[in-house]
Structures are given as structure tokens and as C-alpha cells.
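To start, the structure under review is shown below, and the notes come after it.
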Amino acid sequence: MTFKTAFTTVAWAALAALAAPAHAQTPLKVGLMLPATGTYAALGDAIEKGFKLHVQEQGGKLGGRTIEYFKVDDESDPSKATDNVNKLIKRDQVDVIVGTVHSGVALAMARAARESNTLLIIPNAGAGDITGPLCSPNIVRSSFSNWQPGYAMGEAVGKRGHKKVVTITWKYGAGIESVNGFKEGFEKSGGKVIKDLLVPFPSVEFQALLTEIAALKPDAVYTFFAGGGAVKFVKDYSAAGLKASIPLYGAGFLTDGTLDAQGDTASGLVTALHYADSLNNAKDKAFRLAYAKAYKLQPDVYAVQGYDAAQILGIGLKATNGDPRKKAEFAAAVRKATIDSPRGPFMLSKSHNPVQDMYLRQVVGKENKMIGIASKGLVDPGRGCRM
Ligand code: BEZ
């Protein structure tokens with residue numbers, strides 16, 4: 001290169017830098033508030049891996065901005081949630097928050113995001129209020145509402161002819177909302193939930209309640225457990241001798257990301273969820289290959305939700321030239337987008353929750369195999385959302 005061409009190249013680069021808006025030259029601060037400890041630790045890890053995979057696929061940039069990560073372990077503890085989210089908002093002054101898994105923690109995050117007008121992308125927690133009364137243009141969910149898998153499973157259990165069901169879950173928002181969704185779907189077909197059993201979160205002391213289920217002799221059991229609690233529940237249900245006599249159904253978290261640890265005790269279980277291991281669409285095939293290559297692991301539903309959180313952020317940033325302060329333009333772009341997800345393409349509802357198919361899955365070997373669609377294009381009612 002001659003001195004003249006070298007000078008011209010440098011001069012053009014300098015001019016381009018001057019022309020670019022100031023924000024484009026600084027990294028975008030992304031606050032990851034996820035559980036790194038406790039019963040949901042593996043879920044937080046998969047979400048982070050999925051999110052980072054999409055960013056890597058985009059050459060480390062979204063909307064032209066390089067990404068700088070700030071991390072907080074929320075421990076799935078609602079009592080620490082406001083302090084934890086303020087570490088990201090006030091101390092680190094992040095541009096966007098991505099989190100979290102636990103509904104109770106996510107509710108505190110949503111309140112803080114509304115007050116500070118910080119962008120919040122929720123990659124798991126299904127609390128109904130977040131896309132209900134707390135809905136906001138700056139809050140988007142890439143996952144599901146607790147109502148969705150519960151309602152879909154309820155309809156499917158009704159169609160299978162079961163009439164008398166017992167439910168068992170953790171006593172906190174996600175479990176209770178999941179069971180309520182189940183009842184709404186199930187009782188339409190004339191069935192009855194005869195007893196709701198509750199365990200404090202995150203306890204895994206199930207024995208007394210399993211004895212009660214045996215005595216009640218229902219046609220079937222519906223449950224919401226996830227992560228470490230789901231592993232223990234499925235093992236205990238089988239060890240108590242109930243698996244052979246009383247069919248166990250669940251929101252699909254019961255068997256997602258858990259099959260290695262559950263082994264044979266999970267085999268045959270039927271659940272409903274917005275993802276399955278055998279979807280076979282082109283996007284899912286590419287995603288599963290890339291995830292396995294990057295992490296030497298098979299992805300699960302949480303990895304998909306993290307990946308899609310990054311896709312949603314990328315769509316909003318592209319429309320705003322990398323400026324997350326343009327909240328209205330960001331929201332308008334994600335509202336009209338079709339997200340090309342490994343679960344299948346989806347759009348967001350008016351309250352910013354995915355409108356999506358709920359798959360019926362059955363555990364075969366180490367897979368949640370898709371055996372049908374429990375509910376097509378299921379829209380969360382978004383009760384109480386005014387936006
Ligand atoms: C929740 O708290 O919303 C939740 C946690 C784990 C799996 C699904 C939902």
C-alpha cells in the first residue's frame with residue numbers, strides 16, 4: 001500500500017467514526033440477572049449459553065454494538081431481588097437487563113424496570129402479571145406465561161378421558177399459576193381437580209404428599225416442578241410406586257434439561273411445552289448443532305429462550321441503530337417481528353408474550369419427543385394489560 005492510499009484509508013475510517021453516533025462506539029451494557037446457585041442454577045446457565053451463542057453468531061455485535069456483560073446471581077430469592085436488580089440499574093448503569101428464571105424475582109425486576117424505564121427481556125419467568133397489569137413497552141418476554149403450558153396440558157388431560165385429578169406444585173407464583181392454567185383447560189371437559197397439594201419453594205420433601213396422593217387414588221396427577229426439584233420429584237414419584245398406577249403429567253419443565261439425572265424414572269412421561277427435542281425444523285437443526293459444537297452439550301428449552309432473548313434484542317437494536325434509549329422504536333420493531341426461533345417461528349402478543357404452539361411431548365430415552373400439538377398458536381390472555 002502506498003503512503004497515499006494508506007493515508008486515505010485511515011482518513012476514511014476516522015471520518016466514518018466521526019459520522020457514527022457516539023453510542024455506536026461504546027459497548028452495549030447487558031446485565032444478566034440469572035440464578036447461578038440453587039435449584040434453578042442449571043436453568044440460568046443454559047439461558048446464558050443460549051444468549052451468548054446468538055451474539056457470537058452475529059460476530060459479537062447486536063445492532064452494530066459490541067456487548068459488555070454484567071452479571072448478578074439472583075439465587076432465585078425474591079427477598080434480594082430489588083437490591084440485586086438495582087446493582088445492574090444504578091451501580092452498573094446497564095442499557096438492558098436480561099433475566100430471570102424465578103417468577104417472584106422477575107416481578108421485582110419488572111417493577112424496577114418500569115420505574116427506571118430500563119429495557120427488560122425476560123428469558124424464562126412466566127409470572128402472569130408481567131404481561132398483565134405490569135406490562136410495559138420496555139418489557140418483553142422471550143419464553144412463555146405460566147398459564148400457557150398449564151392450560152395446554154389441562155386440555156390434553158381432559159381429552160385423554162381423565163376425570164379426577166390431584167395437582168402438586170411449589171407454593172409460589174409459577175406453581176400456582178401453572179395449576180390454575182391447568183384447571184382452566186382441564187375442567188372445560190367436565191373433569192374435576194379434587195385436591196391441590198403444595199410444597200414450600202424450593203423444598204424437595206415430597207414423601208408425605210406422595211402418601212396422600214396414593215390414598216386419594218386420582219385418575220392422574222398434574223405437576224409443575226423445574227430444575228433440581230423436578231429431578232427429585234420424578235425420582236420420588238417412581239420410587240413411591242405411583243408411576244405404574246397413576247399417570248403423571250406436567251408442564252414440560254418437569255422433564256426438560258433433567259433427563260440425564262432422572263434416567264429411567266422419567267421414561268414415558270407426557271408433558272406440554274413450547275419446545276421439544278425432535279422438532280426437526282431447519283432453524284432448530286442448525287441451533288442444536290451450533291449449541292452442541294460450542295458447549296459439548298445438548299440444548300434445552302431454557303437455552304432456546306436465552307437464544308431468542310438475544311434475537312429479540314438484536315431486532316430492536318437494528319431498528320434503532322443500536323440505540324436502546326429509543327424505546328418506542330424498539331418496541332414497534334419487536335411487535336411486528338416474526339422471531340425465527342428453534343421452537344418454530346413466533347410473534348409477540350399485544351402484551352409482549354410469545355404467541356406459540358404448545359407441543360405434547362413424551363420422554364423416550366434421553367429425549368422429549370414431540371407426539372402432537374396440544375394447543376396451536378396459544379395466546380396468553382394478558383389479563384389486566386393496558387398498553
Ligand atoms: C418461574 O418461576 O416462572 C419458572 C421457573 C422455572 C421454570 C418455569 C417457570
Side-chain angles (χ1 to χ4, degrees), residues 33 47 81 85 96-152 154 173-174 176-182 184-185 224 251 272-275 301 304-306 308-316 319-320 324 326-341 343-358 375-387:
M33 181 155 153
I47 289 168
V85 75
V96 54
I97 301 172
V98 177
T100 189
V101 169
H102 185 289
S103 276
V105 177
L107 282 168
M109 295 172 73
R111 286 191 194 101
R114 275 167 69 102
E115 271 164 30
S116 59
N117 199 21
T118 308
L119 268 181
L120 170 63
I121 305 182
I122 297 168
N124 186 71
D129 277 5
I130 292 174
T131 49
L134 289 178
C135 73
S136 181
N138 58 314
I139 302 177
V140 179
R141 183 149 55 198
S142 68
S143 51
F144 59 91
S145 73
N146 292 320
W147 177 88
Q148 283 178 311
Y151 179 82
I176 291 164
E177 289 178 359
S178 180
V179 163
N180 287 342
F182 173 82
E184 201 180 319
F224 165 91
L273 204 64
H274 48 286
Y275 188 58
V301 69
V304 171
Q305 295 166 173
D308 291 341
Q311 294 211 81
I312 290 172
L313 180 58
I315 289 165
T320 56
K326 295 184 175 159
K327 305 276 175 352
E329 289 98 316
F330 187 101
V334 299
R335 270 187 206 138
K336 63 173 196 273
T338 298
I339 292 111
D340 186 15
S341 170
R343 74 188 87 172
F346 72 88
M347 294 189 77
L348 295 171
S349 67
K350 281 205 269 288
S351 56
H352 294 181
N353 189 67
V355 176
Q356 55 194 340
D357 294 347
M358 289 287 138
S375 201
K376 184 117 196 90
L378 189 62
V379 189
D380 177 83
R383 292 170 187 131
C385 170
R386 314 222 182 298
M387 202 175 10

*Between N180 and E177, does any side-chain donor sit less than 3.5 Å from a side-chain acceptor?*
no

_Donor-acceptor side-chain pairing of S103 and N146 below 3.5 angstrom_ = yes

*Compare every heavy atom of P354 with every heavy atom of S142, then report the nearest pair and how far apart it is.*
C-CG, 3.8 Å

_Check: I139 and L134 side chains under 4.5 Å, non-hydrogen atoms_ = no

*Side-chain (R141) to main-chain (A127) donor-acceptor, under 3.5 angstrom*: yes

*Give the intermediate values and the outcome of side chain to side chain contact (heavy atoms under 4.5 Å, CB included) for residues Q305 and Y275.*
CA-CA 10 Å; Q305 295 166 173; Y275 188 58; over 6 Å; no

*Enter the distance from S349:OG to Q356:CD here, rounded to the nearest 0.5 Å.*
10.0 Å

*Locate the shortest heavy-atom distance separating D380 from Q148; write the atom from each residue and the value.*
N-NE2, 3.8 Å

_Let me confirm one number: the CD1-CE distance from I47 to M33, rounded to the nearest 0.5 Å._
12.5 Å

_Shortest non-hydrogen contact from N353 toward S145_ = OD1-N, 3.6 Å

_D357 side chain to G377 backbone, donor-acceptor under 3.5 Å_ = yes

*For the pair Q311 (side chain) and I339 (backbone), establish whether a donor and an acceptor sit closer than 3.5 Å, ignoring hydrogens and angles.*
no

*Any side-chain heavy atom of F346 sitting closer than 4.5 Å to one from D308?*
yes

*Look at the side chain of R343 and the backbone N and O of S143, then say whether any donor-acceptor pair between them is shorter than 3.5 Å.*
yes

*Can you name the closest pair of heavy atoms from A333 and A319 and give their distance?*
CB-CB, 3.3 Å

*Does the pair N138 and L120 meet the rule for a side chain to side chain contact (heavy atoms under 4.5 Å, CB included), with working shown?*
CA-CA 6 Å; N138 58 314; L120 170 63; 5.7 Å; no

*Going by heavy atoms in the side chains, are R335 and H352 under 4.5 Å from each other?*
yes

_Is any side-chain heavy atom of D340 closer than 4.5 Å to one of T338?_
no

*Which pair of non-hydrogen atoms, one from T320 and one from F330, has the smallest distance, and what is that distance?*
CG2-N, 3.6 Å

*Please check if any side-chain donor atom of S136 sits under 3.5 Å from a side-chain acceptor atom of R114, or the reverse.*
no

*Which atom pair, heavy atoms only, marks the closest approach of H274 to M358?*
CB-CE, 3.8 Å

*Is the side chain of N124 donor-acceptor paired with the backbone N or O of T100 at a distance under 3.5 Å, no angle test?*
no

*Going from CH2 on W147 to CG on L378, what distance comes out if it is rounded to the nearest 0.5 angstrom?*
4.5 Å

*Nearest 0.5 Å, what's the CG-OG1 distance between L348 and T131?*
10.5 Å

*Once you round to the nearest 0.5 Å, how far does OG1 of T118 lie from NZ of K327?*
6.5 Å

